[in-house]
Chemist: 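My structure is below; once you've seen it, I'll send some questions.
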Amino acid sequence: MDENIEISFGGRLHKFPIINGTEGEKAIDISSLRKKTGLITIDTGFKNTGSTKSSITFLNGEKGILRHRGYSIDDLTNKSTFLEVAYLLIYGELPNLSKLKTFKDNITLHTLVHEDVKGILDGFPSKAHPMGVLSSLVSSLTAFYPKSLDPNRSVEEINGTIIRIIAKLPTLAAWAFKNRMRQPLVYPNNNLDYCSNFLNMMFSLPTHDYKINKIVSNALEKLLILHIDHEQNCSASTVRIVGSSHASLYASISAGIAALWGPLHGGANQAVIEMLEEIKKDNCNVKKYIDKAKDKSDQFRLMGFGHRVYKNFDPRARIIKDAAEEVLNSLGINDPVLDIAKKIEKIALTDQYFIERGLYPNVDFYSGIIYRAIGIPTDMFTVMFALGRLPGWVAQWKEMRENNEPIGRPRQLYTGNISRKYVPINERKN
Ligand code: CMC
């Protein structure tokens, strides 16, 4: 039976349909609200506003559920490879062996970037943050592939752009790191799998080849899957809204990387390690930092805690916490910040402030500890998040284009001056 919601305004009753998602979620379709009533809705930060219908990722923040295309994040992380899950997100189904082989072969074929990219990279000071470098380099791909500027080209050509960005992002990311270290660039090695190739480009030097460690490449594979998509978050929404103006995929992904950079989004993984290091230096005084986080006159927040959608345990954080223990044990690393992190979690989970607000560790709380253990420097953490999130952004962009969504253009409630008379400069009082 069709359900409606009635809004009484201006002495009349107006009906708006309730639409249903496949997981029993309901939404009020207010697209005709302004036409019928002259009203708009306001919801700063989109805390309660759905921007689209999507069939890519389902999450239920109250129950701590995360599924991609219907498959649980636990199954995908434990049973699939990153490229398999990337295929699932982008094309809608898990690939069979032959489809996966073709997808992998295509990606492997395009890992090299144009030699002129090195000239652009050279222009960056060595202190440049790798996220800024990465975002710029991705945008620069439009210059090397001008046909990609038109997102209305054939399915085959769009697919070519999709393959290229997935193939080249690890190369660009590793080169952003090498540029910062002022070390010679390492070219992709197409005999290696996706994660091992990235690690090789990061850590090989002319003086010695990087020896691939399976524990490390498996840990990276797991982390990339855990970050692959998270429905309409800040960066995915950015990718969709930039793409909705018919900007190219490269331009949209470049914008997504910029959105991810901030410490309230992907940049939190870097901020967590910096926070844990600060606590370590401060005699591991965990209580002091818990109190600071609760103090409303203090700007300090417990980084890696809280989430816009999860008001229960972030399922990714659970998997990452176990993986962090496992990786550190396998590599024989004893990192004191892991103990500090566990101590913070233990205290916060029994503290009324955190309980009342539903603040739990999120995906970023333990991921930095693994990155550090596998040799990734702190300012590359958010780049790692971008590598993992890329297929999600691509899937969100593709879905938005295939659904022929209109340009994203929110309304506003104007609160500035009403119309006033222009005052010539010599007559102005202030
Ligand atoms: N430490 C202390 N208090 C917090 C924290 C925190 N990390 N997060 C939220 N709160 C409090 C906040 O002060 C507010 O309290 P009150 O109701 O008394 O004013 C209440 O909890 C609700 O917070 P909010 O800022 O209104 O919630 P939000 O949904 O707008 O923000 C968030 C979500 C993730 C930006 C926020 O929790 C935060 O800043 N966390 C730390 C940064 C972080 O870890 N970000 C990574 C998110 S997961 C990766 C990703 O997907 O991007």
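Each ligand, and each atom within it, is numbered from 1 in the order the structure gives.
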Chemist: According to side-chain hydrogen bond (donor to acceptor under 3.5 Å, both in side chains), does anything in residues 298-308 pair up with another residue at least two apart or in another chain? List the pairs.
Modeler: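 Passing the test, one end in residues 298-308: K292-D298.
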Chemist: Show me the side-chain donor-acceptor pairs of residues 258-280 shorter than 3.5 Å, one per line, residues at least two apart or across chains.
Modeler:
{"from": "H265", "atom 1": "NE2", "to": "N233", "atom 2": "OD1", "distance (Å)": "3.4"}
{"from": "H265", "atom 1": "NE2", "to": "S235", "atom 2": "N", "distance (Å)": "3.1"}
{"from": "H265", "atom 1": "NE2", "to": "S235", "atom 2": "OG", "distance (Å)": "2.9"}
{"from": "N269", "atom 1": "OD1", "to": "T382", "atom 2": "OG1", "distance (Å)": "3.1"}
{"from": "N269", "atom 1": "ND2", "to": "F381", "atom 2": "O", "distance (Å)": "3.1"}
{"from": "Q270", "atom 1": "OE1", "to": "H129", "atom 2": "NE2", "distance (Å)": "3.2"}
{"from": "Q270", "atom 1": "NE2", "to": "E274", "atom 2": "OE2", "distance (Å)": "2.9"}
{"from": "E277", "atom 1": "OE2", "to": "R372", "atom 2": "NH1", "distance (Å)": "2.7"}
{"from": "E277", "atom 1": "OE2", "to": "R372", "atom 2": "NH2", "distance (Å)": "3.0"}
{"from": "E278", "atom 1": "OE2", "to": "Y289", "atom 2": "OH", "distance (Å)": "3.3"}

Chemist: For ligand 1, what N or O to protein N or O distances fall under 3.5 Å?
Modeler:
{"from": "ligand 1", "atom 1": "1 (N)", "to": "L302", "atom 2": "N", "distance (Å)": "3.1"}
{"from": "ligand 1", "atom 1": "3 (N)", "to": "Y353", "atom 2": "OH", "distance (Å)": "2.9"}
{"from": "ligand 1", "atom 1": "7 (N)", "to": "L302", "atom 2": "O", "distance (Å)": "2.7"}
{"from": "ligand 1", "atom 1": "7 (N)", "to": "F305", "atom 2": "O", "distance (Å)": "3.0"}
{"from": "ligand 1", "atom 1": "13 (O)", "to": "K296", "atom 2": "NZ", "distance (Å)": "2.9"}
{"from": "ligand 1", "atom 1": "13 (O)", "to": "R301", "atom 2": "NH2", "distance (Å)": "3.3"}
{"from": "ligand 1", "atom 1": "15 (O)", "to": "K296", "atom 2": "NZ", "distance (Å)": "3.1"}
{"from": "ligand 1", "atom 1": "15 (O)", "to": "R357", "atom 2": "NE", "distance (Å)": "3.2"}
{"from": "ligand 1", "atom 1": "18 (O)", "to": "K296", "atom 2": "NZ", "distance (Å)": "3.1"}
{"from": "ligand 1", "atom 1": "18 (O)", "to": "R357", "atom 2": "NE", "distance (Å)": "3.0"}
{"from": "ligand 1", "atom 1": "18 (O)", "to": "R357", "atom 2": "NH2", "distance (Å)": "2.9"}
{"from": "ligand 1", "atom 1": "25 (O)", "to": "R301", "atom 2": "NH1", "distance (Å)": "3.1"}
{"from": "ligand 1", "atom 1": "25 (O)", "to": "R301", "atom 2": "NH2", "distance (Å)": "3.0"}
{"from": "ligand 1", "atom 1": "26 (O)", "to": "K47", "atom 2": "NZ", "distance (Å)": "3.3"}
{"from": "ligand 1", "atom 1": "29 (O)", "to": "R308", "atom 2": "NE", "distance (Å)": "2.7"}
{"from": "ligand 1", "atom 1": "30 (O)", "to": "K47", "atom 2": "NZ", "distance (Å)": "3.3"}
{"from": "ligand 1", "atom 1": "30 (O)", "to": "R308", "atom 2": "NH2", "distance (Å)": "3.0"}
{"from": "ligand 1", "atom 1": "39 (O)", "to": "R301", "atom 2": "NH1", "distance (Å)": "2.8"}
{"from": "ligand 1", "atom 1": "40 (N)", "to": "F305", "atom 2": "O", "distance (Å)": "2.9"}
{"from": "ligand 1", "atom 1": "44 (O)", "to": "G304", "atom 2": "N", "distance (Å)": "2.8"}
{"from": "ligand 1", "atom 1": "44 (O)", "to": "N362", "atom 2": "ND2", "distance (Å)": "2.9"}
{"from": "ligand 1", "atom 1": "45 (N)", "to": "L264", "atom 2": "O", "distance (Å)": "3.1"}
{"from": "ligand 1", "atom 1": "52 (O)", "to": "H265", "atom 2": "ND1", "distance (Å)": "2.5"}

Chemist: Would you say the side-chain atoms of N152 and R401 include a donor-acceptor pair closer than 3.5 Å?
Modeler: yes
Chemist: Indicate whether any N or O donor in one side chain lies under 3.5 Å from an N or O acceptor in the other, for T37 and H14.
Modeler: no
Chemist: Kindly write out the residues that satisfy salt bridge (charged side-chain N to carboxylate O under 4.0 Å, His left out) with D105, not counting sequence neighbours, or none if the list is empty.
Modeler: K101
Chemist: Under a 3.5 Å cutoff, is there a donor and acceptor pairing between the side chains of N4 and K15?
Modeler: no
